[in-house]
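All heavy atoms count here, side chains included; hydrogens, waters and symmetry mates do not. Residue numbers run from 1 in the order of the sequence given.
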Amino acid sequence: MRKVKNFFHNLLAFIRPLKNSSALIMTRSYFFLLAIITFSMVISVPTVLGYQLIRIQVQNANQYIKSLKKTNIDSAHDWNIWIRNNTFDSDVIFIKAQTNKKKTFYSDGASHVASKNYKHLFFSKKYLLDSKNWHDFNHYKLYYTKTVTQYGNHFTVWINLYKVFNIIKITLYTLLIIICLVLIFGVWLIWQLSQRLTTPLSYLSSATEKKVSLKIKQSNQRMEDRLPEPTSPTEVNELAVSFNQLLDVISEKEVREKQFVSDASHELKTPIAAINGHLKLIKRRGREHPEIIENSFDYISNETRRMQHLVQNLLDLSHAERDELNITKINLSELLVEISKNVPFPQKIKTKFSSNIYIKADLDQIHEIILAILENSSKYSPLDCPIILNIEQNSGKTIMRIIDFGKGISANDKKHIFERFYRADASRSNSIPGSGLGLSIVKELANRQHIKINVLDNYPRGTIFELSLPR
């Protein structure tokens with residue numbers, strides 16, 4: 001008894017954690033589905049089979065009744081002749097013939113059957129139940145009976161349905177055994193199948209949990225943020241691949257954010273150190289050499305403006321990532337004309353496009369994109385070379401180009417110019433102002449509005465910023 005209790009205790013301990021698992025849900029659903037099918041078959045198969053068998057017996061009874069009606073039975077001799085000419089199973093079929101001369105004849109066993117008191121079934125008086133007690137199922141005898149009268153003769157036929165019920169009983173027992181075996185095997189098979197389907201998912205979940213735990217413990221260390229990719233089932237493989245793609249994006253963003261913090265710290269540290277150095281110089285030698293104070297103040301003022309510009313760019317970059325878009329229909333032609341007349345750049349701005357070219361964009365952000373690219377072009381272009389604004393429309397797209405005739409951008413630098421704080425080697429000196437964030441802001445704003453930017457060479461010299469704008 002203790003072993004049985006331990007078995008069920010262990011079974012419950014195994015099942016309890018799995019009660020909400022996909023494997024158990026699939027198995028439970030299959031079990032209930034099979035149980036419904038089983039119940040339907042247990043009811044329908046015996047019922048249909050029994051109905052067909054009883055119909056056959058009723059047809060047999062009608063044949064005997066029809067034969068009796070055609071025969072003129074007046075004496076025992078006539079009855080014996082009829083009995084000899086009609087063969088039937090005397091254990092199943094019982095016949096009583098009562099002539100108009102009040103003579104009664106019985107087939108074998110018919111007198112015993114006719115002498116009993118029967119209970120009629122509630123749905124038909126043609127079915128008679130021979131049982132001492134309604135609950136005495138082991139001694140049930142069910143008869144089908146039919147009586148006809150012709151020319152004063154009365155013919156009654158009883159058919160014992162025990163063979164029908166024996167067939168139904170055997171069929172039912174066989175059906176139950178087969179269904180139980182199928183149920184047991186089916187539950188085992190569906191459990192194995194569900195385990196096969198959910199094990200890769202469980203493994204993926206476990207691996208994710210381990211990765212998160214390890215990431216928390218090793219927050220200051222670089223680790224490989226990849227999950228295993230099971231080959232099957234296909235859905236789990238696709239889920240793992242999608243997770244890994246997401247992790248790659250997050251990991252790349254994490255690296256960029258760390259680099260961004262490092263670069264921002266470096267960009268701020270340099271002017272702060274310089275300002276601090278000049279302040280110490282003024283404190284140490286200002287009284288003896290008053291002329292250095294003005295130079296130091298000019299330098300401090302320039303570095304302060306540079307830091308202010310850097311902080312403003314950082315704020316602009318943050319807003320570019322968070323501000324909501326206000327997409328409206330914009331007359332791009334008028335916008336470029338207005339910008340070309342009001343920009344404070346030393347180069348001349350030329351325009352080459354037709355009037356009334358419309359696009360759908362955020363006005364403030366597209367204005368900021370154009371100004372930032374123009375500012376970048378102005379920094380690296382000679383004062384006597386113009387900057388050209390050009391617009392073309394083709395294939396359902398609006399292409400805007402900002403063309404300069406400056407130093408140009410090398411193929412290697414083109415890959416990095418939109419990265420934060422990136423500046424080409426030739427421009428790392430303080431001769432060209434800037435924080436290295438202008439084009440990063442442009443890229444962020446362009447991505448939010450699905451604007452594609454290509455950087456091309458302007459032969460023989462210079463650069464073309466090509467923007468593909470939505471209409």
Side-chain angles (χ1 to χ4, degrees), residues 39-178:
F39 179 78
S40 301
M41 291 182 65
V42 167
I43 297 298
S44 61
V45 172
T47 301
V48 173
L49 180 63
Y51 174 75
Q52 293 297 329
L53 292 174
I54 290 175
R55 279 191 62 190
I56 293 172
Q57 297 297 334
V58 170
Q59 290 175 359
N60 291 337
N62 290 333
Q63 289 180 357
Y64 292 121
I65 291 292
K66 192 173 182 180
S67 176
L68 287 168
K69 289 170 68 176
K70 291 180 179 180
T71 304
N72 185 16
I73 299 176
D74 290 330
S75 61
H77 178 71
D78 295 334
W79 173 252
N80 291 330
I81 292 174
W82 186 88
I83 290 292
R84 284 198 301 269
N85 293 334
N86 293 272
T87 57
F88 53 87
D89 188 352
S90 59
D91 292 331
V92 176
I93 298 176
F94 307 93
I95 301 173
K96 172 185 175 182
Q98 187 175 12
T99 65
N100 53 9
K101 296 180 180 179
K102 305 303 180 183
K103 292 182 180 181
T104 304
F105 306 100
Y106 296 94
S107 65
D108 292 343
S111 59
H112 176 73
V113 172
S115 63
K116 289 188 174 184
N117 293 323
Y118 298 101
K119 297 175 182 178
H120 295 280
L121 295 186
F122 66 91
F123 59 86
S124 177
K125 291 186 178 181
K126 293 185 178 181
Y127 295 93
L128 307 175
L129 181 65
D130 179 15
S131 178
K132 296 179 181 179
N133 192 315
W134 282 102
H135 305 289
D136 188 12
F137 296 104
N138 293 327
H139 296 88
Y140 270 10
K141 289 184 179 179
L142 187 64
Y143 295 90
Y144 172 80
T145 182
K146 186 172 184 179
T147 301
V148 296
T149 301
Q150 187 179 35
Y151 307 121
N153 297 323
H154 300 282
F155 305 108
T156 304
V157 176
W158 294 271
I159 298 178
N160 192 342
L161 300 178
Y162 79 94
K163 287 188 175 182
V164 173
F165 282 96
N166 282 342
I167 294 173
I168 294 174
K169 188 189 298 183
I170 293 171
T171 303
L172 185 60
Y173 288 162
T174 304
L175 192 62
L176 288 174
I177 292 172
I178 293 174

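- What you find for Ile159 and Gln57 is that their closest heavy atoms are CD1-O, 2.9 Å.
- For the residue pair Ala97 and Phe155, the shortest heavy atom distance occurs at CB-CD2, 3.8 Å.
- Counting all heavy atoms, side chain and backbone alike, Phe105 lies closest to Thr99 at CE1-CG2, 3.8 Å.
- In this structure, CZ on Phe94 lies 5.5 Å from CG on Asn160, to the nearest 0.5 angstrom.
- Of all non-hydrogen atoms in Lys69 and Gln150, the two that sit nearest each other are O-OE1, 2.9 Å.
- By the 4.5 Å heavy-atom criterion applied to side chains, Lys96 and Trp158 are counted as neighbours.
- A donor-acceptor contact shorter than 3.5 Å links the side chain of Ser44 to the backbone of Ser40.
- One distance of note links OH of Tyr106 with NE2 of His112; it measures 13.0 Å at 0.5 Å rounding.
- Interatomic distance, Ile65 CD1 to Lys70 NZ, rounded to the nearest 0.5 Å: 13.0 Å.
- Using modelled atom types, no side-chain atom of Asn153 and backbone atom of Thr149 make a donor-acceptor pair closer than 3.5 Å.
- Rounded to the nearest 0.5 angstrom, Ile83 CD1 and Ser90 OG are separated by 10.0 Å.
- Summarising the local packing, CG of Asn62 is surrounded by more than 12 heavy atoms from other residues, nucleotides or ligands at distances under 6.0 Å.
- Contact record, Ile168 with Pro46: CG2-CB, 3.8 Å, taken as the closest heavy-atom pair.
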Working note: Tyr162 + Leu142, criterion side-chain contact (heavy atoms from CB on, under 4.5 Å); need CA distance, chi angles, decisive distance, verdict.
CA-CA 7 Å; Tyr162 79 94; Leu142 187 64; over 6 Å; no

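- Here the CD1-CG distance, from Ile95 to Asp108, works out to 10.5 Å after rounding to the nearest 0.5 Å.
- Using cut-offs of 30° and 60° for the angle between ring planes, the Tyr64 and Trp82 rings count as perpendicular.
- Closest approach of Ala61 to Tyr144, counting heavy atoms only: CB-CE2, 4.2 Å.
- Listed for the Thr156 side chain is no donor-acceptor partner under 3.5 Å among the backbone atoms of Thr147.
- The pair Lys163-Asp91 fails the salt-bridge criterion, with no side-chain N (NZ, NE, NH1 or NH2) lying under 4.0 Å from an Asp/Glu carboxylate O.
- Within the model, atoms CE of Met41 and CD1 of Ile43 stand 12.0 Å from one another, a figure rounded to the nearest 0.5 Å.
- The closest side-chain heavy-atom distance from Ile93 to Ser107 is not below 4.5 Å.
- A donor-acceptor pair under 3.5 Å links the side-chain atoms of Thr145 to the main chain of Val157, judged by distance alone.
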